[in-house]
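The analysis underlying the following values was restricted to heavy atoms, covering all of them including side chains, and did not include hydrogens, waters or symmetry mates. Numbers for residues simply follow the sequence, beginning at 1.
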Amino acid sequence: MTVAFIRHTLTAILLTATAATAVADDSGAYRFLDIPSSAHTYGLGGINISALDAGLPSVEQNPALLGPEYRQEIALGYMRYIAGANFASAMFANRADYRSAYAIGVRYFGYGSMPRTDIDGTTDGTFSPKDIAVSAIYSRDITDCLRGGATLKWIYSSYDIYTAMAVAVDLGINYYDPDRDLSLSAAVVNLGGQVKRFNERYERVPVDVRLGWTQSFPGLPIRFSITAWNLTRWHLPYYDAGNGTVAQQPEIKQSFASDLFRHLVFAADFIPSDRFNLGIGYNYKVRTDMAAYSRNLLSGFSIGAGFNASGWGVSVAFAQPHRSATTLMLNLSLSLSQIIN
């Protein structure tokens with residue numbers, strides 16, 4: 001029965017991934033859903049679905065990372081993002097029984113104050129655009145090594161007088177071998193669509209298929225990760241900014257190598273003890289998307305660190321995707337079951 005259940009679960013993931021590929025999204029709507037709420041994950045390149053110890057906020061990227069090990073845990077997050085944008089998150093998780101767990105969370109994306117300008121260039125006050133995502137997550141251990149999970153998301157956007165709502169589902173699965181400290185994950189995220197449009201135009205949510213590998217090796221206190229994302233389409237062209245002169249205008253670049261590496265995020269997590277971690281990640285897609293003619297050595301790289309004590313923990317991550325944009329994320333976690341007891 002267990003083998004059959006595993007086979008059916010994996011088949012469902014593959015069929016869903018095939019369907020997601022068939023409706024691959026080329027629009028730029030709801031891209032804020034790709035921004036992590038976990039500082040640990042942000043330090044590992046911003047996308048990671050297989051790091052089991054990345055903290056409670058990491059389950060936003062893969063519901064199969066949630067488990068009964070989370071007992072009455074609260075996680076709060078804040079991020080100072082590009083161009084003065086401020087993001088905040090909160091999540092609560094608890095075990096349902098010895099094999100399952102649930103969580104609820106909310107993420108807020110505020111983009112600051114902007115001038116309200118009409119088509120003639122006349123300014124009439126300001127407005128503050130925002131996005132909100134509310135999540136309900138459930139996971140269950142299928143076997144001692146295999147776990148599956150699902151997330152239901154309600155998404156709300158408000159841009160001046162225009163509002164929109166969408167509903168989406170994430171499906172994830174994780175396999176963990178403790179003898180080899182090997183974690184393998186697959187996730188299909190943002191399956192769904194709009195239930196209320198901004199205007200007359202329908203915008204798709206960014207459906208994506210992701211695969212993740214995380215593993216340490218004997219004698220090394222380091223876990224390595226490779227995450228493949230944007231798998232709903234292979235070709236990912238980008239603009240090369242050139243040297244900034246009139247003679248060399250930006251041009252579209254695409255090759256097999258660039259397509260391959262724009263699908264991959266590389267990370268290494270130094271974990272000398274259960275209480276401390278130091279991670280670094282490299283996201284080539286971020287580097288090429290944010291590239292300017294004046295090169296930025298740090299673009300695409302991110303770094304994070306975390307400290308855990310009895311009942312609480314703190315994590316921080318830093319990245320500079322663009323020369324004029326420094327981002328900082330902070331997480332605070334509290335285990336009410338440990339504090340109370």
Show your reasoning for whether side-chain contact (heavy atoms from CB on, under 4.5 Å) applies to Leu191 and Asp170. CA-CA 6 Å; Leu191 289 167; Asp170 299 346; over 6 Å; no
Less than 4.0 Å between a side-chain N and a carboxylate O, is that true for Asp97 and Arg140? yes
Testing the 3.5 Å rule here: is there a donor-acceptor pair between the side chains of His40 and Asn48? no
At their closest point, which heavy atom of Ala164 faces which heavy atom of Gln194, and how far apart are they? CB-NE2, 3.9 Å
Are the side chains of Arg223 and Gln215 in contact, using a 4.5 Å heavy-atom criterion? no
Do Thr151 and Tyr138 meet the criterion of a side-chain donor-acceptor pair at a distance under 3.5 Å? no
Interatomic distance, OH@Tyr70 vs OG@Ser139, rounded to 0.5 Å, equals 10.0 Å
For Ser37 and Ser89, work out which heavy atoms get closest and say how close. CB-OG, 3.7 Å
Counting neighbours of CZ on Phe224 that are heavy atoms of other residues, nucleotides or ligands and sit closer than 6.0 Å, is the number greater than 12? yes
Taking the side chain as every heavy atom from C-beta outward, state whether Trp312 and Ser335 have any pair of such atoms under 4.5 Å apart. no
How many angstroms lie between OG in Ser100 and CG in Asp141, if you round to the nearest 0.5 Å? 8.0 Å
Tell me whether His263 contacts the main-chain N or O of Ala228 through its side chain, where contact means a donor paired with an acceptor under 3.5 Å. no
Would a single hydrophobic cluster contain both Leu184 and Ile142, if residues Ile, Leu, Val, Met, Phe, Trp and Tyr are joined by side-chain heavy-atom contacts under 4.5 Å? yes
Between Thr326 and Gln320, is there a side-chain donor-acceptor contact under 3.5 Å, judged purely by atom types and distance? yes
Report yes if the distance between the aromatic ring centroids of Phe198 and Tyr162 is under 6.0 Å, otherwise no. no
Just so I know, are the side chains of Met91 and Glu60 near enough to count as touching, which here means a heavy-atom distance under 4.5 Å? yes
Ser315 vs Asn331, test: side chain to side chain donor-acceptor pair (under 3.5 Å). Steps then yes/no. CA-CA 5 Å; Ser315 298; Asn331 281 156; 5.4 Å; no
According to a hydrophobic-cluster definition based on side-chain heavy atoms being under 4.5 Å apart (Ile, Leu, Val, Met, Phe, Trp, Tyr only), do Phe266 and Leu44 belong together? no
Salt bridge check, Glu251 against Lys253: does any charged N sit closer than 4.0 Å to a carboxylate O? yes
Under 3.5 Å, is there a donor on one side chain and an acceptor on the other for Asn86 and Tyr81? no
To the nearest 0.5 angstrom, please state how far the CD1 atom of Ile47 sits from the CZ atom of Arg210. 4.0 Å
Taking all heavy atoms of Leu264 and all of Leu260, pick out the closest pair and write down the distance. CG-O, 3.4 Å
Among side-chain atoms of Tyr111 and Asp131, is any donor-acceptor pair under 3.5 angstrom? yes
Looking at side-chain heavy atoms only, is the closest gap between Phe270 and Pro221 below 4.5 Å? yes
Shared ILVMFWY cluster between Leu33 and Ile49, side chains joined below 4.5 angstrom? no
Close side-chain approach of Thr327 and Met79, heavy atoms under 4.5 Å: yes
Any chance you could lay out the side-chain contact (heavy atoms from CB on, under 4.5 Å) test for Asn174 and Ser183, step after step, and finish with the verdict? CA-CA 7 Å; Asn174 174 262; Ser183 174; 2.9 Å; yes
Tell me, do Tyr176 and Cys145 make a side-chain contact under 4.5 Å, heavy atoms counted? no
What about Ile173 and Ile226, same hydrophobic cluster or not, with Ile/Leu/Val/Met/Phe/Trp/Tyr joined at side-chain heavy-atom distances under 4.5 Å? yes
If we ignore hydrogens and angles and just use 3.5 Å, is the side chain of Ser302 paired with the main-chain N or O of Gly43 as donor and acceptor? yes
Are any of the side-chain nitrogens in Glu203 or Arg31 under 4.0 Å away from the carboxylate oxygens of its partner? no
When you measure from the side chain of Arg107 to the backbone of Ile35, do you find a donor-acceptor pair of N or O atoms at a distance under 3.5 Å? yes
Separation between CG of Asn230 and NE2 of His235, rounded to the nearest 0.5 Å: 14.0 Å
Dump the intermediate steps for side-chain contact (heavy atoms from CB on, under 4.5 Å) on Ile155 and Val167, then the final yes or no. CA-CA 6 Å; Ile155 306 158; Val167 176; over 6 Å; no
Would you confirm whether Arg116, through its side chain, and Asp124, through its main-chain N or O, come within 3.5 Å as a donor-acceptor pair? yes
Quick one: do the Asn62 and Ser50 side chains pair a donor with an acceptor below 3.5 Å? no
Does the side chain to side chain donor-acceptor pair (under 3.5 Å) test come out yes or no for Thr214 and Ser225, once each step is laid out? CA-CA 4 Å; Thr214 298; Ser225 295; 2.7 Å; yes
With a 4.5 Å heavy-atom cut-off, do Tyr98 and Pro68 have their side chains touching? no
Between Arg71 and Asn94, is any side-chain donor less than 3.5 angstrom from a side-chain acceptor? no
Is the distance between the ring centroids of Tyr108 and Phe87 less than 6.0 Å? no
Mind running side-chain contact (heavy atoms from CB on, under 4.5 Å) on Gln254 and Asp259 for me, showing each step along the way? CA-CA 7 Å; Gln254 184 182 350; Asp259 283 338; 3.2 Å; yes
Any donor-acceptor N or O pair under 3.5 Å, side chains Arg262, Thr288: yes
Would you say the rings of Phe32 and Phe109 are close, in the sense that their centroids are separated by under 6.0 Å? yes
OH on Tyr159 to OG on Ser128, rounded to 0.5 Å: 13.0 Å
So, the side chain of Ser299 versus the backbone of Pro321: is there a donor-acceptor pair under 3.5 Å, distance only? yes
Rounded at 0.5 Å granularity, tell me how far CD in Glu73 sits from CZ in Phe92. 9.5 Å
Over all atoms of both residues, closest heavy-atom pair of Gly45 and Asn283: O-ND2, 3.1 Å
Is the shortest side-chain heavy-atom distance between Asp34 and Trp229 below 4.5 Å? yes
What closest approach, in Å, do Leu56 and Ala93 show between heavy atoms, and which atom pair accounts for it? CD1-CB, 3.5 Å
Classify the angle between the aromatic ring planes of Tyr284 and Tyr238 as parallel (below 30°), tilted (30 to 60°) or perpendicular (above 60°). perpendicular
Indicate if Leu152 and Tyr156 have the same hydrophobic cluster label, given that clusters are the connected sets of ILVMFWY residues with side-chain heavy-atom separations under 4.5 angstrom. yes
Regarding Asp208 and Arg233, does a basic nitrogen lie under 4.0 Å from an acidic carboxylate oxygen? no
Between Phe256 and Trp234, ring centroids under 6.0 Å: yes
Which atom of Ala317 lies closest to which atom of Ala39, heavy atoms considered: CB-O, 3.2 Å
